[in-house]
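See structure below.
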Protein chains: 2
Amino acid sequence: MEADKTQKLLKEKLKEKGLKVTHQRLLVLSVLEENSGSHMTAEDIYDLVSEDYPEIGLATVYRTLQLLWDMQLVDRINFGDGCVRYEIGHLLNGETKHNHHHLICKRCNKVMPFDDDLLESLEDHIEKATGFHVLDHELKFYGLCKDCMKKQR
Amino acid sequence: MEADKTQKLLKEKLKEKGLKVTHQRLLVLSVLEENSGSHMTAEDIYDLVSEDYPEIGLATVYRTLQLLWDMQLVDRINFGDGCVRYEIGHLLNGETKHNHHHLICKRCNKVMPFDDDLLESLEDHIEKATGFHVLDHELKFYGLCKDCMKKQR
DNA sequence: CTCCTTGCAAATTGTTTGCATACCT
DNA sequence: AGGTATGCAAACAATTTGCAAGGAG
């Protein structure tokens with residue numbers, strides 16, 4: 001149901017640019033959609049798409065992710081663990097803004113989401129103070145999770 | 001003057017762990033200190049250290065940066081351009097907290113610092129709400145800088 | 001004298017590119 | 001048909017690792 005809407009949007013945007021609607025592009029987007037909430041690497045996505053469509057190549061996944069990102073259909077996140085991660089775009093995600101942040105444990109590397117929209121007003125302030133037009137933000141907190149705090153020597 | 005303090009701290013931390021004080025380690029830290037405010041890649045640091053100490057190897061720089069990061073003497077930043085960047089740790093930087101953020105222009109890739117300590121209270125809130133102990137945060141705003149806004153078609 | 005550390009080169013890992021073929025429109 | 005997309009393998013770039021030799025405590 002939601003998925004239909006997403007696909008339709010992708011098809012529109014492709015047509016707009018004279019690009020083609022292919023199996024691979026639809027599949028990558030749908031995997032991202034089915035796993036909304038997880039932070040997936042290109043390899044993760046490749047593995048999942050491969051289940052339905054084994055002949056896909058990893059390079060195509062990279063090219064498609066780049067494309068989806070250019071079209072603002074997916075978000076990129078980087079936890080500094082050496083690979084870029086993707087999730088379904090916040091524009092498609094129901095919410096009007098991207099207001100979920102990440103708590104990253106320095107010891108066990110667990111990543112937890114955290115919701116807050118405190119930053120809206122800060123964005124307005126930035127625009128007025130610097131002339132920089134904010135489109136999106138990314139906020140990460142590094143520290144120790146509850147479990148690791150307990151285990152702390 | 002400040003540099004002495006930094007070196008002393010490094011020496012202490014090394015001794016604490018039974019590790020050795022080497023030229024290379026001191027030099028990497030001092031380059032970072034001299035360039036406080038810039039966001040340097042391992043390669044940048046390697047080039048600068050090489051001027052004083054040409055026999056250093058790039059691998060040593062990587063190993064040293066890892067070490068300094070473990071010891072909380074330097075901060076890591078990732079602008080998603082394919083390489084990790086480093087700057088002198090906020091603990092050493094005079095301030096008590098790391099409250100400078102980044103405005104990243106999506107068009108020209110310029111990076112501008114932006115200071116604000118609005119997040120302190122948010123950190124307290126997180127600790128109470130989730131049990132996650134926050135050590136540091138990283139906040140990036142993506143958008144269009146003043147110049148690129150003007151040039152906008 | 002013992003272990004930690006280094007430099008070098010080789011190995012890894014994530015990602016990109018070139019090219020001939022296959023596929024949308 | 002005509003140009004876009006794909007799969008594969010080779011190319012790349014940033015970072016890591018193995019190892020023998022050098023240096024700090």
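Naming convention: chains lettered A, B, ... in sequence-line order (proteins, then strands); numbering from 1 in each chain.
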Q: Indicate the atoms forming the closest heavy-atom contact of A:Cys145 with A:Met112, along with that distance.
A: CB-CE, 3.9 Å
Q) Under the 3.5 Å rule, do the base of C:dC3 and the side chain of B:Lys20 count as making a donor-acceptor pair? A) yes
Q: Answer yes or no: is there a side-chain heavy-atom contact under 4.5 Å between B:Leu139 and A:His101?
A: no
Q. So, for A:His102 and A:His39, is the gap between ring centers shorter than 6.0 Å?
A. yes
Q. Starting at the 5' end of DNA chain C, which residue's closest nucleotide do you reach first, B:Ala59 or A:Leu58?
A. B:Ala59
Q: May I ask you to evaluate whether B:Arg63 reaches the phosphate of C:dT5, defined as a side-chain N or O under 4.0 Å from OP1 or OP2?
A: no
Q | Interatomic distance where CG belongs to A:Leu10 and C1' belongs to C:dC24 [whole Å] | A | 14 Å
Q) When the distance from CD of A:Gln66 to C1' of C:dG14 is rounded to whole Å, what number comes out? A) 14 Å
Q.
Below 30° counts as parallel, above 60° as perpendicular, anything between as tilted: where do the rings of B:Phe114 and A:His125 land?
A. perpendicular
(Q) C:dT5, OP1 or OP2 - any side-chain N/O from B:Thr60 closer than 4.0 Å? (A) no
**Q.** Length of the line joining A:Asn78:CG and C:dG14:P, which is rounded to integer Å
**A.** 13 Å
Q: Measure from CD on A:Glu43 to C1' on C:dT16 and round the result to the nearest Å.
A: 14 Å
**Q.** B:Gln24 side chain near C:dG7 phosphate (N/O to OP1/OP2, under 4.0 Å)
**A.** yes
Q) Where does the chain B footprint on DNA chain D start and end, counting 5' to 3' with a 4.0 Å heavy-atom cut-off? A) D:dA14 to D:dG25
Q) Can you name the side-chain contact (heavy atoms from CB on, under 4.5 Å) partners of B:Arg76, sequence neighbours left out? A) B:Gln66, B:Trp69, B:Val84, B:Tyr86
Q. Between C:dT15 atom P and A:Leu65 atom CG, what is the distance in whole Å?
A. 9 Å
Q) Quick one: is C:dT15 close enough that its OP1 or OP2 comes under 4.0 Å of any side-chain N or O from A:Tyr62? A) yes
**Q.** Under 3.5 Å side-chain donor-acceptor pair for B:Gln24 and B:Thr60
**A.** no
Q. If you look at every heavy atom in B:Ile104 and B:Lys140, which pair is closest and at what distance?
A. CD1-CD, 3.7 Å
Q. Considering only heavy atoms, which members of residues 44-57 of chain A lie under 4.0 Å from some atom of DNA chain D?
A. A:Tyr53, A:Glu55, A:Ile56, A:Gly57
(Q) Can a side-chain donor-acceptor contact be found between B:Ser50 and B:Asp47 if the only test is distance below 3.5 angstrom? (A) no
Q: Please state how far atom NZ in B:Lys15 lies from atom C1' in C:dT5, giving the value in whole angstrom units.
A: 17 Å
(Q) Between the side chains of A:Glu87 and A:Arg85, is the shortest nitrogen-to-carboxylate-oxygen separation below 4.0 Å, so that they form an ion pair? (A) no
